[in-house]
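Before any comments, here is the structure.
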Amino acid sequence: MDMKRNYEYLLSDLSLVKGVGTKTSNLLKRKKVNTIFDLLWKLPKSYTDRSLSSKIKDLKIDEIQTITVIPLKYSFPRVRNLPNRVLCKDDTGEIDCVFFNSYEGYIKKILPIGKEVTISGKIKYFRNKYQLTNPKYISEDSSIIKQKHNSYSLTEGISEKVYNKIILQIINNLPEIEEWHSKDILKKFKNIGWNDSIKKLHEPENIGKFKENFYQRLAYDEIFSTFLVNSEIRKKIKRIKKTKKNFNIKKQNEVISKLNFSLTNDQNKTLSEINKDLCSENKMFRLLQGDVGSGKTIVSLLSAFNTINSGFQVAVMAPTEILARQHFLLAKKLFSRNIKIELISGKSSYKDKKVILNKLSSKQIDIIFGTHALFQKKVEFKKLGLIIIDEQHKFGVNQRKRLSDKAGKDCDVLLMTATPIPRTLTMTIYGDMDLSIIREKPNIRKPVKTYSKPENKIDDVIKFIKKEIKLGNQIFWVCPLIEESKKLDHSSAVKKSEYLNKLFPKQVFLLHGKTTTEEKEMILNKFLKNEFKILVSTTIIEVGIDFPNANVIIIENANKFGLSQLHQLRGRVGRGSKESSCILMFKSNLSDNAKKRINILKDSNDGFRISEEDMKLRGFGDILGFKQSGIKNFKLADPVHNYDLFILAEKEIKRIENNNEDISKFKPLIKLYDRADIINDIA
Ligand code: ADP
Ligand code: MG
């Protein structure tokens, strides 16, 4: 097979490129550039125009210029520290080319006496003569020099000239690639093909032309391939046939009727989406997405209840023991006695654990709560029908898929996240799952009043807390995060808790990065039982735990946090029926941008909207949880600026899904765009 004619050529090792030896390819590998394809995304940052040439008498000092000259005379002094020189001339004057650390043989080769040579470089003037020091652009073929030369943010050890040569060679040898997009899609990009787009991408005149069709097409390719892989995973999981769940909805409604609130419309809607999946013969792989406090727990427990009533077991995994216990206690309260509920904890003794494991494998337990320990090898279920994972935003696509595989074919999977994200990211991050979204919050919840205060007004804040504590309320105090130094974080939190402890003796506990898990659980438990009033912390307090009695959160140095993060922190309060407040503290005068951000928070309590605004203000890389999610960054596409491309790709994927279109023509696209690991699993 002629590799050059096939897209696979692009995936081959860089050493296949002429002029790339082991040294160069190792340097590039260190920068994660392994294949020819990888190199295509190292874009020129700027360019130098060397196309116009000048006569010596018209040269401008300190500017990069191009001249065509004839070498006249060498002077090689052979004394250390004295440079070699070549005197050159044209019909208007003379110029010295000066070389430090260059061999005579090399100089004689590039500047042969009497031949016409074109040189480009920065012109200097020294001892009444023009001078060019260590010129790098020299050739007898003037066309090689007289053009625009791209500059890249260079890998150390590789010169611009070598780099340009490599890139040029690759671009001139792009393999023929069959168009993968439909005619309709292609039309949106003025029918430009992939090869032409790549060529344009590297043309110096096109630097920064993000709106042009070539750039948009390539960005779209990236988005589309990500969505396509996600869609394939989703389809593949859905094709798995399982035993349908079969339960009596009346029993579910009895549990609902015993609640001291009624479900919101969105809770009802998402619950029936899940129920429909449970009763279908296809495996469920669903994400329940809803802001903090939107009431996801009850929805998940009701689906657990239905699963149990179909004769299956359920496993509920929470990120912390405290949260697992909270869910466990709620289930005990809600479910009838004949349902066997268990909690497995890191603290359970070996003997207790063994008993629990035995009971699980003989189906004497219907539902078990725990942390990730639940998914250890030893844990075996007799008839697992549903896995529920709370606050899962730390899982990436591959991890989720593995989880679903491990659960077995009859087991449905429900994941939950309290991190609302912008729409453009939803398909990117969660496109492998079906989505149920709770947008509306229980209306008993009063919005958290949000204030901003400069740090020097701390006395006002203290007065405010005193009043709240008198009313029996509890307070979160989040200390500034100083990213540069964990030590400083720690000492400032220690100082703050000492300061507060003087004002409120025995009422203050501190959580910081070094607190052990056990200590942390102990402190959080005390706080939950209202045994002290103020919880100071640097680390972000666990998401999801209900502290109904805490209704004030103070966030110091609030501009260190992103909006979504502030919103999440604020979500720790306002869970009971009391009025609650969030006080954002700042060091000094706020910038306009910071004021804008604060106002968004004051205005809105809608995590989805806040995440959109956050992304607009800060770019998508910084959005909470995104960095840890394992999703690689796009090379060109940007969820803020290419909103329309994300929507277009989403529509196209739906169309392909609905028409059940053969996707084999997209194979090169997927392989090129680095999702081969996933597609191998699918094929
Ligand atoms: P999250 O979605 O953050 O996990 P939770 O499920 O913990 O939210 O619910 C937060 C609080 O709201 C809980 O105390 C819960 O009992 C309460 N809650 C849930 N649904 C409703 C509702 N429909 N009406 C009133 N309160 C509700
Ligand atoms: Mg929760």
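Computed over heavy atoms, backbone and side chain alike; hydrogens, waters and symmetry mates excluded. Along the sequence shown, residues are numbered consecutively beginning with 1.
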Rounded to the nearest 0.5 Å, how far apart are [atom1] of [X] and [atom2] of [Y]?
X: Leu329; Y: His327; atom1: CG; atom2: NE2; answer: 11.0 Å
X: Met585; Y: Cys479; atom1: CE; atom2: SG; answer: 10.0 Å
X: Ser303; Y: Leu278; atom1: OG; atom2: CG; answer: 6.5 Å

Which residue pairs pass the side chain to side chain donor-acceptor pair (under 3.5 Å) test with at least one member in residues 462-473, sequence neighbours excluded?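 Every pair satisfying side chain to side chain donor-acceptor pair (under 3.5 Å) with a residue in residues 462-473: Glu468-Asn473, Glu468-Asn551, Asn473-Lys578.
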
Sort and list the pairs that fulfil side chain to side chain donor-acceptor pair (under 3.5 Å) and have at least one residue in residues 331-341, not counting sequence neighbours.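 Qualifying pairs, neighbours excluded: Ser336-Asn338.
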
side-chain contact (heavy atoms from CB on, under 4.5 Å) against [X], all qualifying residues, sequence neighbours excluded:
X: Ser345; answer: Glu321, Lys347, Ser348
X: Lys269; answer: Asp266, Glu273
X: Asp277; answer: Met284, Arg286
X: Glu531; answer: Lys526, Lys529

Contact check, side chains of [X] and [Y], non-hydrogen atoms, under 4.5 Å:
X: Asp291; Y: His567; answer: yes
X: Leu334; Y: Ile298; answer: yes
X: Lys441; Y: Asn605; answer: yes
X: Arg609; Y: Asp603; answer: yes

Please report the closest heavy-atom contact between [X] and [Y], naming both atoms and the distance.
X: Ile465; Y: Ile554; answer: CD1-CD1, 3.7 Å
X: Ser294; Y: Pro442; answer: O-CD, 3.9 Å
X: Val316; Y: Leu374; answer: O-CD1, 3.3 Å

Please identify each residue that fulfils side chain to side chain donor-acceptor pair (under 3.5 Å) with [X], with sequence neighbours left out.
X: Asp352; answer: Ser349
X: Glu455; answer: none
X: Thr264; answer: Gln267

A quick test of your reading: do over 12 heavy atoms of other residues, nucleotides or ligands sit less than 6.0 Å from NZ of Lys258?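 Yes, enclosed.
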
Heavy-atom count around Lys251 NZ within 6.0 Å, excluding the residue itself: above 12?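 At most 12 heavy atoms, drawn from other residues, nucleotides or ligands, come within 6.0 Å of this atom.
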
Residues two or more places apart in sequence or in another chain: which of them pass ring-ring contact (aromatic ring centres under 6.0 Å, His included) with Phe509?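 Phe509 satisfies ring-ring contact (aromatic ring centres under 6.0 Å, His included) with Phe532 once adjacent residues are dropped.
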
Pairs flagged by ring pair (Phe, Tyr, Trp, His ring centres under 6.0 Å) wherever residues 331-361 is involved - sequence neighbours left out: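 Qualifying pairs: Phe305-Phe335.
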
Qualifying ring pair (Phe, Tyr, Trp, His ring centres under 6.0 Å) pairs, either residue in residues 569-588, two or more places apart: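 Listed by first then second residue: nothing to list.
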
Worked verdict on Tyr430 versus Leu415 for side-chain contact (heavy atoms from CB on, under 4.5 Å): CA-CA 11 Å; Tyr430 298 128; Leu415 303 167; over 6 Å; no

Cationic tip of Arg439 above Phe608 ring, under 6.0 Å, 45° of axis: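 Pair Arg439/Phe608 counts as cation-pi.
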
Flag this pair as yes if the NZ/CZ of Lys245 is under 6.0 angstrom from the six-membered ring centre of Phe312 and inside a 45 degree cone about the axis; otherwise no.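 Geometry flag: set, cation within 6.0 Å and 45°.
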
Please identify which of these residues, Thr307, Ile274, Asn275, Leu263, meets the side chain to side chain contact (heavy atoms under 4.5 Å, CB included) condition with Leu302.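 Exactly one option meets the side chain to side chain contact (heavy atoms under 4.5 Å, CB included) with Leu302, and it is Leu263.
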
